[in-house]
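Before any comments, here is the structure.
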Amino acid sequence: MNEKKVVFITGSSGSMGSQVLKYVMETKKFKGLVLLRRKPANEKLAAKLQKEYGSDIEVVFGDLSNKEDCVKCVAKSDYIFHCAAIIPPTSDHHPDQAKKANFTGTCNLVDAIAESPRANEVKLVHIATVAEYGNRDWQHPWGRVGDPLLPSAFDFYAITKLRAERYLLEKGLPNWVVLRQSGVLHDNLFKNNMSDGLMFHTCWNVPIEWATAKESGILMRNIAVKDSEGTMKPGFWNKVYNIGGGASCRVTGYNTMEAGFGMMGAIPEQFFKPNWNATRNFHCFWYYDSDVLDDYLDFQKTDSWDEFWARMAKQNWYFKLGVIAPKSLISKLAIQRLFKDSNAPMYWLNHGLEKRVEAFFGGREKYNQIGEDWANFPLFCKNQIKDKDGNVVDYEYRRDIKNAKQFLLSHGYDESKPDSELDIEDMKQAAEFRGGKCLSKEMKKGDLYTKLKWQCHDGHVFESSPYTIIKAGHWCPECCMPAPWRFDELAKHIPFFAQVWYDTHDPSENCFYDENCYKDILEAEKQDKK
């Protein structure tokens, strides 16, 4: 009998990682390996896992930021599912922890694989994030892999993940996959959202394609099962994909709030004012290509938007109280109390954090124009927005994937050509669309992984694979990878950026956010304590 392959799962104590571990172990086809930081909660988790899975699970206490711990785990692994990350809001308040876990930890893991004598056998699945793409609105609600990567100002989490992803792409590992995860619907969604001002960052009109934690666990399980059994469709490895839940999960920020408060028989207008939430500088969009991953892994129909909310209604009994409790009281006690949190726009306004107000609203003057009357705030999902010609923007028409192609961004080369036919001329066109040049004189037709030499508009010369540039959406590693954030200036020179940046920014803007801008709330918190 063949010995079971070992699946090393990082972040197994988190929302996604725990689901991945659950579904992988339920198959009884694999041995699980988890790396946990030593603390009381994880010691309890380790005991629970060992009781539940016995000899099929191994718990190692350590930290991804310690390379030796990574080397130790990689040596035992056949598959590595890298789900570990410090995410918002924790990353906003503890950026040093986020850098250690998200960037340093990933680099250590990648290096450990590259240096392993089993490098050709180990297969790495790295979880990235939709936050790398930055903000979208109704003008370009559909996106796909290869779109420009414009992480929002102050989003330190996004840049740690962006840098980690690029490190992996350029390392040249034999077997890897990057999965850019969308917003995750998970069991602790309400608890997390009601504990921090982060909830106010979600724009009412942002298009979001959610994915549930259950779906994510199942798709990761299916990677291990299909690959180990030889049933995976050809062409899966060494690519970047988007994880999305499909048609049922394509909504807006308003729809998301509507579903949550709907469990109380209420609507967002009974709890919020429109000017409490940001109008830009968020992330998320509808994935034009989420079916690509589903074609490989058959996960989207294992859960749905409606199933998730039905499950939440059963699990969270206190929503029943919300049906009879005064909505104004709930708003005051549960929502408005978060105005005092440093991550909330109301806090920024009251503490004079003008750069945040600028990034998330376009400035204090534009914030004041929003007002508190919902009748004056047009909602995308209710067909209340008009385009520049005065025509009503049809929400359902734009949400239908059959109409999506006209709203896609250009990638700057002939995408009708199969990958096998792409050549140096395509690279030159792509570089020009990015405001720069491809300095290499030749490339082997169809070879997207051998690095070429490029130059950006600022004169920075760098080497990157064609895949990293034209397929994954990265560009100059020096000026186009925050921090600092200077996309207003970059968009003036890079058509690839400009085509989406000016959906929510005026060409006259010239905002600049330095490399430490995200620490403003940390300093404000210190002052509050004095």
Side-chain angles (χ1 to χ4, degrees), residues 7 9 15-17 19-20 22-24 26-27 79 81-83 123-133 136 141-147 165 175-186 207-251 255-256 283-309 311 398-405 407-408 415 418-419 467 471-473:
V7 180
I9 301 168
S15 297
M16 181 176 177
Q19 291 293 300
V20 173
K22 165 184 163 66
Y23 285 104
V24 167
E26 278 184 358
T27 68
Y79 296 97
F81 292 166
H82 183 32
C83 306
K123 296 185 175 180
L124 171 65
V125 180
H126 171 69
I127 301 301
T129 172
V130 66
E132 294 174 37
Y133 294 107
R136 293 295 183 95
W142 290 93
R144 57 197 170 127
V145 171
D147 279 1
E165 178 186 294
N175 301 290
W176 57 268
V177 155
V178 171
L179 305 181
R180 292 175 181 162
Q181 175 68 279
S182 187
V184 179
L185 298 171
H186 57 87
I208 305 175
E209 181 171 336
W210 291 93
T212 71
K214 178 180 177 181
E215 286 176 315
S216 300
I218 290 172
L219 80 86
M220 298 288 272
R221 174 202 69 190
N222 290 352
I223 292 176
V225 171
K226 287 174 177 285
D227 189 75
S228 63
E229 294 180 349
T231 59
M232 182 76 78
K233 293 179 181 177
F236 174 72
W237 292 100
N238 298 354
K239 303 277 180 62
V240 178
Y241 302 92
N242 287 321
I243 302 177
S248 76
C249 294
R250 292 176 187 139
V251 294
N255 294 136
T256 306
H283 51 261
C284 289
F285 49 71
W286 299 327
Y287 284 152
Y288 183 70
D289 55 2
S290 63
D291 63 314
V292 175
L293 193 61
D294 188 53
D295 286 343
Y296 281 110
L297 301 173
D298 307 313
F299 65 93
Q300 285 183 347
K301 294 182 180 179
T302 58
D303 206 11
S304 72
W305 172 263
D306 291 336
E307 288 171 326
F308 171 80
W309 292 110
R311 194 160 60 247
R398 294 205 177 204
R399 197 164 75 105
D400 190 336
I401 196 168
K402 290 184 291 187
N403 305 316
K405 197 168 185 179
F407 303 114
L408 297 180
E415 294 184 73
D419 290 356
Y467 190 90
K471 293 296 184 179

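Quick caveat: nothing in here was measured; it's all calculated off a predicted structure. Quick note: residue numbers are just sequence positions, from 1.
Nearest approach of Ala128 to Val178, heavy atoms of both residues: CB-CG1, 3.7 Å.
Looking at Ile223 and Tyr296, their side chains never come closer than 4.5 Å, going by heavy atoms from C-beta outward. At least one side-chain heavy atom of Phe285 sits under 4.5 Å from a side-chain heavy atom of Tyr133. In this structure, the side chains of Asp419 and Lys471 come closer than 4.5 Å at one or more pairs of heavy atoms. Looking only at side-chain heavy atoms (C-beta outward), Tyr467 and Lys239 come within less than 4.5 Å of each other. Under the 4.5 Å side-chain criterion, counting only non-hydrogen atoms from C-beta, His82 is not in contact with Val125. You'll find the side chain of Asp227 reaches within 4.5 Å of the side chain of Trp237, heavy atoms only. Residues Asn238 and Val177 are not in side-chain contact: their nearest non-hydrogen atoms beyond the backbone lie 4.5 Å or more apart. A heavy-atom distance below 4.5 Å is not found between the side chains of Val292 and Arg144.
Listed for the Arg399 side chain is a donor-acceptor partner under 3.5 Å among the backbone atoms of Arg250. At least one donor-acceptor pair under 3.5 Å links the side chain of Gln300 to the backbone N or O of Gly244. Trp286 places a side-chain N or O within 3.5 Å of a backbone atom of Val251 that can act as its donor or acceptor partner. Gln19 places no side-chain N or O within 3.5 Å of a backbone atom of Met16 that could act as its donor or acceptor partner. Under the 3.5 Å distance criterion, the side-chain polar atoms of Asn242 are left unmatched by any main-chain donor or acceptor of Tyr287.
For Asp303, the salt bridge (charged side-chain N to carboxylate O under 4.0 Å, His left out) partners at least two apart in sequence or on another chain are Arg311. Under the side chain to side chain contact (heavy atoms under 4.5 Å, CB included) criterion, Lys402 pairs with Asp400, not counting sequence neighbours.
A salt bridge does not link Asp289 with Arg180: none of the charged nitrogens is closer than 4.0 Å to a carboxylate oxygen. The pair Lys214-Glu307 fails the salt-bridge criterion, with no side-chain N (NZ, NE, NH1 or NH2) lying under 4.0 Å from an Asp/Glu carboxylate O.
The aromatic rings of Tyr79 and Phe81 lie tilted to each other, with the angle between the two planes from 30° to 60°.
Among residue pairs with one or both ends in residues 217-226, those qualifying as salt bridge (Lys or Arg N to Asp or Glu O under 4.0 Å) are Lys226-Asp298; sequence neighbours excluded.
Checked against the 6.0 Å centroid criterion, the rings of Phe236 and Tyr241 qualify as a close aromatic pair.
A side chain to side chain donor-acceptor pair (under 3.5 Å) with Glu209 holds for exactly one of Ser182, Ser248, Ser290; it is Ser290.
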- Task: Check the pair Trp210, Thr256 against side-chain contact (heavy atoms from CB on, under 4.5 Å), reporting the backbone distance first and the verdict last.
- Result: CA-CA 9 Å; Trp210 291 93; Thr256 306; 3.0 Å; yes
